[in-house]
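We count ligands from 1, going down the list as the structure has it; atoms in each ligand are counted the same way. Values in this document were obtained by computation on a predicted structure and should not be read as measured data.
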Amino acid sequence: MRRRFVVGNLKMNLTGEAISALVGEVARNVGDHAEVVEPTVVLCPPSPYLFMAVGASRDSQVMIGAQDCHHCSHGAYTGDVSAAMVADAGCRFVIVGHSERRRDHHEDDVQIAKKAHMATEVGLVPIVCVGETHAEYLDGAGLEVVQRQVERILAHAGSDVISSAVLAYEPVWAIGTGLAATPEYAQQMHSHIRATLRASQCDSISILYGGSVTAENATSLFACEDVDGALVGGASLVSTSFNAIVNACRSSVA
Ligand code: PGA
């Protein structure tokens, strides 16, 4: 079912004390609007801090997610964490297929589909990322590239897995550049993704936009019909900007 989400991806930033404080400040803001059920607010800290962040979020409505999980259930994979471990640490979500993992760890759509499958097997909600590179964008191939990613992930994960996932459209050229997609471009892409999902009856899932979302541009992005929230990197590292994005999303529901 389509719901609104604001997800903070802390990437490889901050350490324990700052993460605890951030979770507390985000929880306080959510708590101030405890009667409001949307958006669901999720913070994804680096894996050594998951357990601690779950503790810091206890008794609040903030949920904790991991930034990745392995596509196998267990085994000799030094440095990796499994979906079951993420769930066991108390997380509810896991990001899979982020473009930084595709780029730095050579992950492909098949592997990402397996990760999404492993996540749902243990009751986690996978946040599945797709998005075109700058070169593909300049070539005018954005819609086609993203459609292909969605179709491949769907084909390998199956519609049962994808219908319980959240999708995040993150144009690679917009991540960390300060150049967010325009609301028009985001809407066009999200509606194209939804049409692609429709063929497998998965079009009622939430589709988040990610890539240089800020307190300043959030309202116009959330006003797009097919944008169900945001995956936020840089602006999630500071509670004031992240809370402002959460509040913008809340206002877009009202
Ligand atoms: P950004 O990152 O908000 O810093 O652009 C978004 C992301 O990579 O999820």
Closest contact, heavy atoms only, S236 versus L22: O-CD2, 3.4 Å
Residue F51 excluded, over 12 heavy atoms near CZ under 6.0 Å: no
Under 4.0 Å from ligand 1 - residues by heavy atom, chain and number: N9, K11, H98, E170, A174, I175, G176, G211, S212, L231, V232, G233, G234
Under 3.5 Å: donor-acceptor pair, side chain of Q149, backbone of D109: no
Step-by-step side-chain hydrogen bond (donor to acceptor under 3.5 Å, both in side chains) determination, Q67 to H98: CA-CA 8 Å; Q67 297 175 13; H98 191 281; over 6 Å; no
Any side-chain donor near an acceptor of the partner, E136 and W173, under 3.5 Å: no
Polar side-chain atom of S200 near backbone of C202 as donor-acceptor pair, under 3.5 Å: no
